[in-house]
Structures are given as C-alpha cells and as structure tokens.
Visitor: 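If you scroll down you'll find the structure; I have some questions about it.
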2 protein chains.
Amino acid sequence: MAKIATTVYEQIRTAILNGELSNSERLVEEDLAVSMGISRTPVREALRRLAAEGLVDVSPNRGARVAEWDVHDLREIFDLRSILESHACELATPRASASEIEFLENVCLEMEELAKTNIASETRLPALAARNRIFHGKIIEMSNSTRLELLIETLIHVPIVMQTYKVYSPEALQRSLHHHREIVNAMKAGDEVWASSVMRAHVLAAREEILGQTEES
Amino acid sequence: MAKIATTVYEQIRTAILNGELSNSERLVEEDLAVSMGISRTPVREALRRLAAEGLVDVSPNRGARVAEWDVHDLREIFDLRSILESHACELATPRASASEIEFLENVCLEMEELAKTNIASETRLPALAARNRIFHGKIIEMSNSTRLELLIETLIHVPIVMQTYKVYSPEALQRSLHHHREIVNAMKAGDEVWASSVMRAHVLAAREEILGQTEES
DNA sequence: GCTGCTCTATTTGTATACAAAATTTAACGT
DNA sequence: ACGTTAAATTTTGTATACAAATAGAGCAGC
C-alpha cells in the first residue's frame, strides 16, 4: 500500500490545483488529519512537500496557507516557461523518434476535435486542458533532462496555468492549436531552432492571453 | 531561537556541500538524531527538505542517501545555468543602479587581487570561490525575479559547482575574471544583449573546464 | 564458491503526548 | 465605543512509542 503521506500530499495538491481551496486559506494540520482519519505526522510531511513545490506557503510557528499568485508572479512564471520549454524543444527535436512524433500528432488531432464548437464547453475545456498538459509534458519528457523536467514542473503547478484554456478566446484557442501543429512539424523536420522558436512564441502568447484576462478581473 | 529542524537542515547541508559526507552515504535518521542530541522528527523534516532541493535522494522505506552527480548531470546543470543566468543578466541590466554596478566592480577588483600568484593557493581558492558566488548571486538578486532565483539556487548547490575554482587552470581563471569584468561593463553600458551573451559564454566555459577535469579523474 | 532462503536486527512510517508559540477571546481602563 | 492588556484556546514544534518494512547475517542446498 502507498504511504499515507503520499496520499495526503496528492489529495491536498489536487484540491489546490482544482481551486477547491480558497485563496490563501489556512491549512491546519490537525483539521486535515482528523478529516482524513489519520495523525498529524503524514499531514505535516505532505504540507512541507507542497511548500517545497511552491503550492503552499509556510511560516515558522504559524502554519501553512494555500499560496497566492499575483500578476507579477504570473509574468515571471510564463517568462521562465517560455525559456525552459523552448530549451526542451531544442533538446527533444534531435532525439524525437517516429512513434513520439506520432503520439504528439495524435494529441493535436484530439485537441482539434475538441475545439469544434459543437461540443459543450463544460466538457471540452477540462479535456483540452488535460491534452495540453500531455502535449507539453511529453515534449519535456522527450528532452531527456531530469532537471529541466523538475524546474518546469515547479513552474507549471499553478491553478491558473492548469486551467489555461478557461480564459482563452476562440481565436486564441485556434492560434494555440496551430502552434502545437507547427511545433510537431518543426520537430518532424528535425529543425530544433524552428521548434524552439514556435514554443517560445506559444508560451508568450499564452502569457499575454492570461495576463490580459486577469488584469481586467 | 531558531527551529531545530532548520539548524539540522543547515548542518547536514553544509556537510554535504563541503564534501564531508562520502558519495551516496546513507543518512540514518536515528544516527543523525542522537549525534545531535535531538529526536528523529526534526531530522526527518530536514532530510525531506534536502531531498526537495536535490541534495539527497530518499526512497520509500529505505531512507536517505547523499545525492550523486555524474558527468551527464553536470552537463544538464551547466546548460540550464547558462540559460537562466543569462536571463538574469537580461533582467538585471535595465534595473541596475549605480551602487549595484559599483558593488560588482568591487567584487571584480577583489577577485583580481586574489588571482595574483603571490597569494598562497590554499587561502585564495576558497576566497575566490566565495567572491564568485557573491558575484553571480548579486546579479541573480538584481534580476528581481524570486522564481528565477529559486530555480538557479536548486542548480547551484552541487559540491563541484561550489568548488568551481579548484579545477581551474591559471588561463581559465584569467578568462573567468575577464568575463566578469565584461559583464559589468555591458551592464554599465545598459546593453542587456551584450551582458547576457557574455554570461552565457562564461557559464558554458566553466562547464567545459569542469567536464574536462572530471572526465580525466 | 555461489545462490537463495529464513530469521533477526535495523530502520522507516505513523500515532500519540507534551511543551512552546501564536491566535483568539475576554476583561479592563480610558 | 475604542484600544490595550491579559488570560484562554488553538496550533505548531519536538519527543517518544510502536508497528510495518527493509537489510543483513547466517545457513542449507547446489
């Protein structure tokens, strides 16, 4: 059986990423423990782990709160993603196997299907977001750099990033899908400069889309 | 008084960074606890924290070991540093104040003094390494990006990186100091492209120096 | 000599207990 | 009413206790 601490960690984590916990909500060790029917020890471990990932903030003797991100944070995150994910493309392109390219093409196809307007948006937005994560995750994995993977992971786990497509306009969504296609084409052609450039543009475009949205609200 | 867990964390950490713990040595919670006269709880917390930073590896039910790095890891680390630190230069240049530039110039001066051969190498190498960390750290701080700072920190904490100058040839050392000077000059001129390019070259040069050294041993 | 097994001794994972610190509540004076 | 201080409560930090898992020693069999 899996360790309790890991289970707790995953539970709290998905709760945060799904936005089930309100902003900067206090996470009291005892409360979480009793609500899960376990002791404080594994809860504590889970919270520290989440703190290391930046999903919660903990202050000494004052406990943990759900982390919050402002516009400045989001700008930082997307800037760094644009740099690191384009680097991932650079590394992945010369290593890409035919089956990996095919996998990416399939993800593109699925997303293009989901983007057709006859599908209800409540169903298709989470599905699109999930495919998006798979697309980006696959390329990062293909880069074969454990550390790069780790660095990007710490940047990606932010609710608004997870839910990217929720704020996309139909045009922005189309552009995003075209970017994906273009990235795969560039990788297929073995052109890492092309691939990494499109990826950079792709992430920066997402940044503008999201920052524009959040500043209005 | 500071938390015990933090003290333990710092102790183990510096022990690892100074190479006082042999490669992939097992870190038994109980042993560490009794040797410090405390309980296992804070030791556990410290080890998990170190694991999150990548300084130790922990496997479930099998405990923690000091992390190990091979040539491939070092290549990854320096590649990422070259990208992220050059980005730091890019951000720092337009923000740099006169006093910050002056600070960097002073660090350059100190390092140039230390590099003169009439100083015993046992004294000057640690001093050089310390100044080097200050130089890079200051620029990262000047970038004003918390996350960038965080990402680079997780890359820098590797014994061989900490001890960089130990493997430098006299020529490589001179080149390194010239790079530092050039970076400051570029920032002074407000030329972020120049500054970031030199930084990139600077870190990649260090990579070659260190990889060349470690492959022979 | 080597491989695979069982049993014991370590060692980790979790629960519980208590002390120290912070937060909340209540009381008090102005 | 308001703000300030002090007691009461909550919550974190550390220690200890015990159960579950692992590693290692010793031994049987080939």
Side-chain angles (χ1 to χ4, degrees), chain A residues 1-17 20-69 146 150 153 157, chain B residues 1-16 20-68 146 150 153 157:
Chain A
M1 197 183 82
K3 280 203 312 179
I4 296 181
T6 306
T7 314
V8 181
Y9 159 77
E10 284 164 359
Q11 273 192 274
I12 302 177
R13 187 174 156 229
T14 59
I16 294 176
L17 294 180
E20 289 163 24
L21 295 164
S22 40
N23 257 356
S24 71
E25 180 165 335
R26 227 179 134 191
L27 298 169
V28 178
E29 297 174 2
E30 179 92 25
D31 295 355
L32 292 167
V34 299
S35 82
M36 296 177 179
I38 56 175
S39 90
R40 269 178 56 213
T41 316
V43 174
R44 223 178 136 70
E45 186 170 324
L47 287 177
R48 301 306 163 128
R49 217 167 131 192
L50 290 163
E53 284 182 25
L55 277 177
V56 313
D57 293 333
V58 337
S59 339
N61 290 317
R62 309 187 61 200
R65 319 185 84 91
V66 178
E68 239 184 323
W69 298 272
T146 335
L150 216 82
E153 281 218 347
H157 300 320
Chain B
M1 197 183 81
K3 281 202 311 181
I4 298 182
T6 305
T7 314
V8 181
Y9 159 77
E10 284 165 358
Q11 273 193 275
I12 302 178
R13 189 176 153 222
T14 59
I16 294 176
E20 287 163 26
L21 295 163
S22 41
N23 259 355
S24 72
E25 179 165 334
R26 219 175 143 196
L27 298 169
V28 177
E29 296 174 2
E30 179 92 26
D31 293 356
L32 292 167
V34 299
S35 82
M36 297 176 178
I38 57 176
S39 89
R40 268 178 56 212
T41 314
V43 173
R44 224 180 134 70
E45 186 171 326
L47 288 177
R48 302 305 163 129
R49 219 167 131 192
L50 291 164
E53 285 183 24
L55 277 176
V56 313
D57 294 333
V58 338
S59 339
N61 289 316
R62 309 186 64 207
R65 319 186 83 90
V66 178
E68 241 183 320
T146 336
L150 216 82
E153 279 217 348
H157 300 321

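Each chain gets a letter, A, B and so on, in the order its sequence line appears, and its residues count up from 1.
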Visitor: Sugar-phosphate atoms are those with a prime plus P, OP1 and OP2; base atoms are the rest. Using that split, label each nucleotide of nucleotides 12-19 of chain C B, S or - for protein heavy atoms under 4.0 Å, 5' to 3'.
Guide: BBBBB---
Visitor: Find out whether Ile12(A) and Leu32(A) are in side-chain contact, i.e. whether some heavy atom of one side chain is under 4.5 Å from a heavy atom of the other.
Guide: yes
Visitor: Does Leu21(B) reach the side chain of Leu27(B), with side-chain heavy atoms less than 4.5 Å apart?
Guide: yes
Visitor: Under a 4.5 Å cut-off applied to non-hydrogen side-chain atoms, are Arg13(B) and Arg49(B) in contact?
Guide: no
Visitor: Between Arg44(B) and Val58(B), is there a side-chain heavy-atom distance shorter than 4.5 Å?
Guide: no
Visitor: Measure across Trp69(A) and Gly54(A) and return the closest heavy-atom pair with its distance rounded to 0.1 Å.
Guide: CZ2-O, 3.8 Å
